[in-house]
Number of protein chains: 2
Amino acid sequence: MVTIRDVAKLAGVSVATVSNTVNDPQRVSDELRERVLKAINTLNYAPRAAARSLRKQSSGLLGLIVADITNPFFTELVQAVEAIASQHGYSVLLCNSDEDPVREEKHLQVLRSQWVDGIILATTGEASLSRTSLLSQSRVPVVLVDRAFDGLGLDAVVLNNRLAAHQATQHLIRRGHTRIGLLSGPTSVTTGADRLAGYREALLASQLRFEPGLVREAGFREQQAYDATVELMRLPQPPTAVFAANNLMAIGMMRALSDLGLRCPDDVSVISIDDFAWANVFRPKLTTIAQPVREMGEMAVQLLTDRISGGRTGTGKTHFLESRLVIRESCAAPLDTAQPLPAQSS
Amino acid sequence: MVTIRDVAKLAGVSVATVSNTVNDPQRVSDELRERVLKAINTLNYAPRAAARSLRKQSSGLLGLIVADITNPFFTELVQAVEAIASQHGYSVLLCNSDEDPVREEKHLQVLRSQWVDGIILATTGEASLSRTSLLSQSRVPVVLVDRAFDGLGLDAVVLNNRLAAHQATQHLIRRGHTRIGLLSGPTSVTTGADRLAGYREALLASQLRFEPGLVREAGFREQQAYDATVELMRLPQPPTAVFAANNLMAIGMMRALSDLGLRCPDDVSVISIDDFAWANVFRPKLTTIAQPVREMGEMAVQLLTDRISGGRTGTGKTHFLESRLVIRESCAAPLDTAQPLPAQSS
DNA sequence: CTATATACTTGAAACGTTTAAAAATCTCCC
DNA sequence: GGGAGATTTTTAAACGTTTCAAGTATATAG
C-alpha cells in the first residue's frame, strides 16, 4: 500500500508538497512538481478517497435512487446523470428501490452514512413519515426527479404530467374516440395523480363524460397493466382506445391485447407516456408522449451541484419540463362496429 | 454535525463503547447499550463512512462497470448485482463506459482511488496495455462478467458463447436455411469472437460453407447493425436468415428489415442472443437465445465477496454458464422463391 | 480473605489525507 | 549587505472512526 508519505520520501519533499502538486499544481515550483509527479508515477500512487473525504468533509459522490432500473426511462436517466455527474467530477452511487418504499428508505440510510454530497431521488411513494424526516433531518442536498413531493421545499424536476396526459388523451379524442380507457399509475405518486388529472381535463374539455369504470389504477409495472387491460376489454362496453400512463404499462397492454386477439390500432388504439428506443420497432409502431429525459437528468445534476456549491439556497421549487407528442401508428379512428368481447368462457 | 463523541457524551460513556454498541452489540452490557442506543436515536447519529473506511481499510463499496447501461442485458445485470451486493452489505458504485475504452479506463482509475473493495467489470474491449497494468497493479479483487480476458488470471463469469451461437445457428439450419447471415459483434471482445466461432462451427457441422461475405462485424449497437443488415440484404444473393449477436443488434436488424419492406419471418428469419422482457411483444415475437443474467450477476458477486473475504485465492478461472433457446415466431422455413432485392435506386 | 478468572469499559494510537500557519527561501531594491 | 515582500516549502493539527492494550469491576475458587 503506497501512501502519500512514500511518495514524499521518494521525491524528497514533504507530504504537503505532494498534496499540493496533486490538488493545486501551480502552487509548487516546476522542479518539485516534476520530481513529485515522477515519484507518483513510479510508485503508482493513488490518493485514498476515504482519507480525503474525511479531511475535506465531502466525498465526491452523488447518490442516485431510481424506482425501477428495469424501466428504460430510468435507464436513460441514469445514463444522463452519470455522464453529467462525471463531467462535474462526481461519481454516482446507484440505488434501485424496485418500487419498494422500504428499500428506498434503506438506501436513503446508506447514502446518508456514506455522506454523499448530494442525492437525486426518484421516489417510490408518497411522503411517508420516516422518509420525510430522513430527508429533512439530514443536511445533504436532495433534488427530486420524475416524481415530486410537496411540503419539503425540495427542488424537483418533473414532466408537466398534466399537460402530457392531456395531450395524449386529446390525441385520441381528435381521432374520434369517445370511450377512452386509462391505465393509471398509483395516484399516491405525482406521476400517477397528475396524469389522471390531465386525462380528466382533456375529457371534460371535449364535453366527454369521465367514466370511473374506464380507469384502472395499477402499479407502474407490466403485469398489473396486463391484468387491467384484460378487465377493461372484457367490459360490456369496452373502450375503443386506451391511454397507458407509462412505457411498462404500455407494453403490458400490448401483450394483453395480443393475447386477447385484439388488433392495434384496428380494434383498439393505444397511446402512452414515455417514448423509448424501441417504440418504433413494435408492430404497430407506438404513438407516444416523449419526455425530455436527458434534460431532466442534466437539470437535476445542475440543480444539485448548485446546491452543493452553495450557489443555490433557500427552499427549492418544482421545475416542469414539456412533453412532445410522437405520432406513429398505434392510433386510428374507432371502429363503428365495435362490439363487446364475448364473456370469459374459462 | 453529530459525531461519535457527541453520542458518547450524551450517553455518558466512552467513544469506544459507542463504537462497540454499533459494531458488536453483545460486547457491551445491556444497560450501557440501552443508553447508547437512546443517545444515537435522539441525536440521529450516523457513523461517517469515510472515517470508518479509513480506519478499517475497506469501504463497503463494490464497483460495477458495464459497457452499455442502455442495453437491457446490462440493466438486468445491474439489477441483480445491486440486489445481491446489498444483501451482502455492500453498496455499488455504478459506472457506464458506453462501449468506450477510454471512459472505462477513467472509471477504473476512479474506482481505484475510491478504494472500492472489489470490482465487477464488463469490459469494453481487448486488453489494452494501460488497462491491463491498471488491473494487475491494483490489489483490489476484480471479477469479469459477460466478457472475459485471458492472461490476467482473473475470475470471470460468462455465457458459453460458442455453444450459444452454435445453438442459434443450428436452429436456423434445422429450419432449412443454408444461407445464414451473421451480424457479429467486434471480434476484439470475447463475446464477439466466440459467437462468431460458434456460428462457424455450426455451419461446418452441417456441411455448410462458411461464407465471409455473409458476416458483418459491427459494434454491439443498434445503428451499425441496421446498416449492416441493409448491406446484407442488398447482396445479389441475400441470406434467408440472419443471426444477430446480441439484442441491440437484433433490434437494429428488425428495424432495417421493416424499412426495406421485408417481412419476418416470411422473407427472412431472425434469431439473436439475449432474451429480454419485450422480445415477445415484438411482431413477430422474437426467437432468442436466453442468457441466465441474474445467475451471472449472483455468481459474480459471490466470487467477488469470496475473494474479498480471503475465502478464495490464487488465479481465477472462467466460469461458463449455459444458454437456453427460446422459440417464438421469428424463424420459419426459407422461401424457395427468394429473390435478390432490386439494386438501390436512389 | 486473597488470588484468579471473567466481563465490561476505556485511553490512546492509528488510518491517510488536507490545510492553516509558520518557516524557509528567493527577489529586488536601496 | 540588509531587509521588505513575495514565493515556496514544511510542520503539525485536524477529520471521525476502530481497535488493541490496559484498566476496573465483578464473580469464582481456594
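For clarity, every value in this text was computed on a predicted model and none was experimentally measured. Naming: A, B, ... by sequence-line order, numbering from 1 per chain.
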A:M1 CE to C:dT17 C1', in whole Å, measures 11 Å
Give the intermediate values and the outcome of side chain to side chain contact (heavy atoms under 4.5 Å, CB included) for residues B:H88 and B:V301. CA-CA 9 Å; B:H88 285 254; B:V301 174; 4.3 Å; yes
Through what angle, rounded to 10 degrees, does the axis of the helix from C:dC1-D:dG30 to C:dC30-D:dG1 turn between its ends, using five pairs per end? 60°
Which residues, if any, of residues 51-60 of chain A bring a heavy atom under 4.0 Å of DNA chain C? A:A51, A:R52, A:R55, A:K56
Under the side chain to side chain contact (heavy atoms under 4.5 Å, CB included) test, residues paired with B:T191 that sit two or more places apart: B:D146, B:R147, B:N161, B:V189, B:R195, B:F220
Less than 4.0 Å between a side-chain N and a carboxylate O, is that true for A:D30 and A:R33? yes
Does B:R221 have any salt bridge (Lys or Arg N to Asp or Glu O under 4.0 Å) partners at least two apart in sequence or in another chain, and if so, which? B:D68, B:D98
Residues forming a side-chain hydrogen bond (donor to acceptor under 3.5 Å, both in side chains) with B:T17, sequence neighbours excluded: B:S14
Distance only, no hydrogens: is a donor on one side chain within 3.5 Å (strictly under) of an acceptor on the other, for B:E104 and B:T123? yes
Going by side-chain hydrogen bond (donor to acceptor under 3.5 Å, both in side chains), name the residues that satisfy it together with A:E34, two or more places apart in sequence or in a different chain. none
Atom pairs under 3.5 Å, N or O on each side, protein against nucleotides 7-11 of chain C: can you list them with distances?
residue : atom : partner : partner atom : Å
C:dT9   : OP1  : B:S29   : OG           : 2.6
C:dT9   : OP2  : B:S29   : N            : 2.9
C:dT10  : OP2  : B:S14   : N            : 3.1
C:dT10  : OP2  : B:S14   : OG           : 3.2
C:dT10  : OP2  : B:T17   : OG1          : 2.6

Segment of DNA chain D, first to last nucleotide, that comes within the 4.0 Å heavy-atom reach of chain A: D:dT8 to D:dG16
Please identify each residue that fulfils salt bridge (Lys or Arg N to Asp or Glu O under 4.0 Å) with B:E298, with sequence neighbours left out. none
Got B:V78 and A:N96 here, is their nearest side-chain heavy-atom distance under 4.5 Å? no
Tell me every residue that passes side-chain hydrogen bond (donor to acceptor under 3.5 Å, both in side chains) with A:R312, counting only those two or more places apart in sequence or in another chain. A:D155
Going by the rule side chain to side chain contact (heavy atoms under 4.5 Å, CB included), which residues pair with A:Q87 if we only count those two or more places apart in sequence or in a different chain? none
Using the salt bridge (Lys or Arg N to Asp or Glu O under 4.0 Å) criterion, which residues pair with A:R294? Sequence neighbours excluded. A:E76
Please say which of B:V145, B:I120, B:N71 ends up in a side-chain contact (heavy atoms from CB on, under 4.5 Å) with B:L77. B:V145
Residue-phosphate contact under 4.0 Å: A:S19 side-chain N/O, C:dT18 OP1/OP2: yes
